[in-house]
Amino acid sequence: MSEPSEIQQNITEAQYAATSGTGNATITITNYYYREEARIAPADSADVADDKLPCPYRGLFHFGPGDAEYFFGRKSFIKTLFQATQTRNFIPLLGASGSGKSSVVFAGLVPKLQQESHWQFTHFRPGSDPFHALALALVTLYTTNLNETERLAQARQLANYLRDGDISLADVVAQIQQNYPSERVLVIADQFEELYTLCPDETIRRNFLDKLTTFPFERVGMVLVLTMRADFLGNALSYRPFADVLQNTDLKLWPMNREELTEVIEKPAQKLGVTFEAGLVERILDDVESEPGNLPLLEFALTELWQRRQGKELTHLAYTEIGEVQGALARHANEEYDKLSEAQRKEVRRIFIQLVRPGEGTEDTRRLATKAELGAVNWALVKQLADARLVVTSRSEEAQVETVEVVHEALIRNWGELRGWMDTDRVFRAWQERLRAGMYQWQQIENGDVTGWDESRLLRGTALAEAEEKLKQRPEDLSEGELFYIQVSVKLRDKEQRRRERVRRQTVYVYVLAGGSILILALGILIQWQNAEKRKEINNLERQLEYEIESAKEQVESAKEQARTSKIHERGRMCYQLLRDRNWKQGYGTVEEYEENKRRFDYCESEWGK
């Protein structure tokens with residue numbers, strides 16, 4: 001990698017102060033991240049050698065308040081933007097990526113407002129926690145004379161109050177007004193698309209937008225200017241309250257015309273006494289004019305061209321060598337990439353795909369990654385990439401973490417190697433962003449600190465199966481936090497499976513017991529039924545037997561009666577015969593014979609009557 005260039009990218013967090021090129025006033029912007037770089041010496045400085053002239057172009061960095069003297073091409077729009085601050089308090093500024101939105105605010109609007117000498121400036125980017133970002137921007141103005149530790153603690157507390165509605169934004173601004181009674185406040189919400197790319201929680205986004213859109217800026221002397229990429233307008237319009245506020249209020253930053261682009265190219269160099277070879281400006285204009293959003297490529301090409309100047313002249317030969325406007329950035333990136341070993345190239349690929357968020361209906365955007373995500377072992381390589389002006393490193397004092405991001409989204413669009421990596425890994429990176437969104441919802445985060453976990457947000461079902469597959473395929477591309485999220489999800493699933501299996505076994509046991517009980521009960525019922533049937537049968541048999549016995553008895557009695565009757569009849573016939581045949585009192589020869597006949601006659605008379 002090359003030595004650090006004239007443009008440094010060490011970023012600091014604090015109050016940024018710069019002496020405006022439009023005057024001697026010192027411009028202070030609270031909570032403004034900016035690079036530390038060499039000041040630009042005026043062209044008439046006799047002690048500045050030609051080869052030591054600092055570069056007036058900004059490469060892929062935006063122009064800041066201290067660069068106003070070298071910021072050209074937006075005079076007309078700066079006037080429009082300035083007039084808007086005099087009549088309006090909410091100013092959305094939309095433009096294409098690379099159209100110079102941040103530069104026109106920081107190097108155009110801010111210095112012009114500063115000339116009035118009655119403004120306080122503060123700045124934030126929404127990031128993943130917009131309430132905390134806003135609190136950091138306001139807390140220094142809200143509570144003055146804080147040391148750094150107190151500022152961080154107050155910001156955390158204020159963020160919670162704003163989020164929960166315990167303190168309204170109006171109360172905060174009213175206090176700021178009391179602190180600065182003779183000044184107005186300009187709040188700059190830069191790169192507002194981060195609300196959609198970095199904040200994964202829809203509830204937080206809407207809550208934040210509600211707080212901003214319902215705030216009566218006009219009553220408290222505050223102006224909010226937010227810059228946002230135009231391709232995220234659809235996201236903004238999808239939430240009706242915010243869409244209503246945007247209606248007829250936003251300013252569009254149009255592409256520069258040829259005259260404005262000529263100023264961008266020529267005038268910074270002219271202020272340092274440097275000229276272009278004949279026809280070179282027109283050649284550059286022809287290369288850049290037809291492509292909107294090419295200002296970063298133009299600035300980078302001019303920066304590279306400046307480094308190859310001959311004395312105080314910029315030449316056609318140098319312009320060809322750098323690859324012209326369209327190829328300068330890619331050539332530079334390839335040169336730096338080719339200097340790496342094979343092992344370093346593999347790691348650089350892993351680093352860069354983590355610094356790009358795949359677009360969903362929009363272009364890919366840059367993503368802020370932490371040292372923890374990329375791994376401490378790779379951080380030395382990140383520093384090399386920063387020295388090569390391909391990434392920007394920073395340190396958040398509030399969260400005590402080091403971060404890195406692509407120097408500009410122009411690198412994402414124009415470096416073929418990076419585009420190829422993203423095309424190959426787009427499916428994986430899209431899945432990983434969904435995984436991170438779920439992880440952030442699982443982690444109950446307040447002001448950057450994890451205060452708890454929401455078990456209901458863990459991965460389940462198909463999502464968990466997909467995560468396990470990705471874990472097998474690409475464990476080296478997952479951060480420790482993502483690995484932990486997946487592992488906790490797996491443990492919960494296994495725990496639930498064991499619980500379900502335990503419940504299943506218990507249920508089977510209960511069913512077996514219940515089934516046995518039911519079987520025993522059924523057998524008992526069956527036996528009782530069978531016994532009842534048998535008892536019924538026995539009763540029937542008993543009744544039948546009793547009937548048969550009674551019948552038999554009756555038959556016996558009948559038979560006996562018949563027998564008696566028959567015997568009686570027989571005797572009657574005998575008596576009748578006895579009486580019919582003769583007169584028993586006569587005809588007996590002896591007394592014995594007479595008595596026998598008389599006895600019979602008496603019996604017959606007693607049985608049959610006379």
Side-chain angles (χ1 to χ4, degrees), residues 127-128 194 197-200 333 336-337 340-360 363-386 388 390-394 399 401-407 409 411-413 415-443 445 450 457-491 493:
S128 59
E194 287 185 353
T197 62
L198 298 183
C199 179
E336 299 299 332
Y337 181 69
L340 301 172
S341 66
E342 189 63 31
Q344 285 177 318
R345 291 178 186 178
K346 290 181 180 179
E347 293 307 315
V348 164
R349 171 176 177 161
R350 290 197 182 102
I351 290 170
F352 268 106
I353 66 169
Q354 293 301 324
L355 300 183
V356 180
R357 182 181 183 274
E360 299 177 3
E363 292 182 346
D364 293 348
T365 56
R366 57 182 171 178
R367 173 183 175 271
L368 193 72
T370 65
K371 183 177 181 179
E373 287 178 350
L374 300 180
V377 295
N378 289 326
W379 204 247
L381 190 54
V382 169
K383 293 289 190 181
Q384 284 184 266
L385 296 173
L390 296 177
V391 301
V392 176
T393 57
S394 178
V401 295
E402 293 182 84
T403 61
V404 60
E405 61 184 328
V406 173
V407 65
E409 286 167 357
L411 184 66
I412 301 173
R413 297 192 300 269
W415 186 20
E417 199 76 34
L418 180 51
R419 287 203 316 272
W421 295 337
M422 284 304 298
D423 289 343
T424 301
D425 291 332
R426 184 168 299 278
V427 173
F428 170 76
R429 284 291 295 113
W431 166 81
Q432 191 174 31
E433 288 302 311
R434 294 194 299 272
L435 178 76
R436 285 170 177 157
M439 182 179 70
Y440 294 145
Q441 292 175 344
W442 168 60
Q443 297 171 335
I445 299 177
V450 178
R457 297 292 187 175
L458 287 171
L459 298 169
R460 286 176 170 80
T462 304
L464 179 54
E466 185 179 15
E468 287 185 291
E469 186 64 26
K470 291 290 191 295
L471 179 59
K472 292 178 183 178
Q473 296 171 352
R474 306 182 65 159
E476 68 282 355
D477 291 318
L478 297 173
S479 69
E480 290 184 3
E482 292 157 5
L483 291 172
F484 182 63
Y485 179 50
I486 296 173
Q487 290 165 356
V488 172
S489 298
V490 170
K491 288 182 179 179
R493 180 200 59 192

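Values reported hereafter were calculated over all heavy atoms of this structure, with side chains retained and with hydrogens, waters and symmetry mates removed. For the single chain, residues carry numbers from 1 onward in sequence order.
Around atom CD of Gln473, more than 12 heavy atoms belonging to other residues, nucleotides or ligands sit under 6.0 Å away.
Here the CZ atom belonging to Phe484 is positioned 8.0 Å from the CD atom belonging to Gln487, to the nearest 0.5 angstrom. The CD atom of Glu405 lies 12.5 Å from the OG1 atom of Thr370; values are rounded to the nearest 0.5 Å. Taking CG from Leu385 and OG1 from Thr393, the interatomic distance works out to 10.0 Å, rounded to the nearest 0.5 Å. To the nearest 0.5 Å, atoms CG (Leu459) and CE (Met439) are separated by 10.5 Å. Note: Thr197 OG1 to Glu433 CD = 9.0 Å, rounded to the nearest 0.5 Å. Here the straight-line distance linking atom CG of Leu368 with atom OG1 of Thr403 works out to 4.5 Å at 0.5 Å rounding.
Closest heavy-atom contact between Val404 and Leu355: O-CD2, 3.6 Å. Considering all non-hydrogen atoms of both residues, Gln432 and Leu478 come closest at NE2-CD2, 3.7 Å. Annotation for Asp364 and Gly359: closest pair OD1-N, 2.8 Å, computed over non-hydrogen atoms. Listed here is the closest heavy atom pair of Gln344 and Leu381: O-CD2, 3.7 Å. Of all heavy-atom pairs spanning Ser489 and Leu458, the tightest one is OG-CD2, 3.5 Å. Minimum heavy-atom separation, Tyr440 to Pro200: CD1-CG, 3.4 Å.
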I would like to know whether Leu435 and Ile486 meet side-chain contact (heavy atoms from CB on, under 4.5 Å); could you show each step before the answer?
CA-CA 9 Å; Leu435 178 76; Ile486 296 173; 4.2 Å; yes
Give the C-alpha distance, both sets of side-chain angles, the deciding distance and a yes or no for side-chain contact (heavy atoms from CB on, under 4.5 Å) between Asn378 and Ile351.
CA-CA 8 Å; Asn378 289 326; Ile351 290 170; 4.2 Å; yes
Tyr337 vs Trp421, ring pair (Phe, Tyr, Trp, His ring centres under 6.0 Å): CA-CA, chis, key distance, verdict:
CA-CA 14 Å; Tyr337 181 69; Trp421 295 337; 5.5 Å; yes
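The aromatic rings of Phe352 and Trp415 sit perpendicular to each other, their planes meeting at more than 60°, with 30° as the lower class boundary.
Under the 4.0 Å criterion applied to side-chain N and carboxylate O atoms, Glu417 and Arg349 are not assigned as salt-bridge partners. Ion pair Lys346/Glu342 not flagged as a salt bridge, since none of the NZ, NE, NH1 or NH2 atoms sits closer than 4.0 Å to an Asp/Glu carboxylate oxygen. Salt bridge annotation for Glu482-Arg436: present, with a cationic side-chain nitrogen under 4.0 angstrom from a carboxylate oxygen. Taking 4.0 Å as the cut-off between side-chain N and carboxylate O, Lys470 and Asp477 do not count as a salt-bridged pair.
Judged by distance alone, the side chains of Gln354 and Glu373 never bring a donor and an acceptor atom under 3.5 Å apart.
Just one of Arg367, Arg419, Arg366 meets the side chain to side chain contact (heavy atoms under 4.5 Å, CB included) condition when paired with Ile412; it is Arg366.
Proximity of a side-chain donor or acceptor of Glu194 to a complementary backbone N or O of Gly127 within less than 3.5 Å is detected. The backbone N or O of Thr365 sits nowhere less than 3.5 Å from a side-chain atom of Arg357 that would complete a donor-acceptor pair. One N or O on the side chain of Arg429 and one on the backbone of Ile353 form a donor-acceptor pair closer than 3.5 Å.
For the pair Leu340 and Val348, the minimum side-chain heavy-atom distance is below 4.5 Å. Put simply, the side chain of Ser394 does not reach to within 4.5 Å of the side chain of Glu402, judged on heavy atoms. Taking the side chain as every heavy atom from C-beta outward, Val407 and Val391 never approach each other to under 4.5 Å. Within the 4.5 Å cutoff, the side chain of Glu363 has no heavy atoms near those of the Glu409 side chain. Put simply, the side chain of Trp442 reaches to within 4.5 Å of the side chain of Val488, judged on heavy atoms.
In this view, Glu468 and Arg493 satisfy the side chain to side chain donor-acceptor pair (under 3.5 Å) rule, not counting sequence neighbours.
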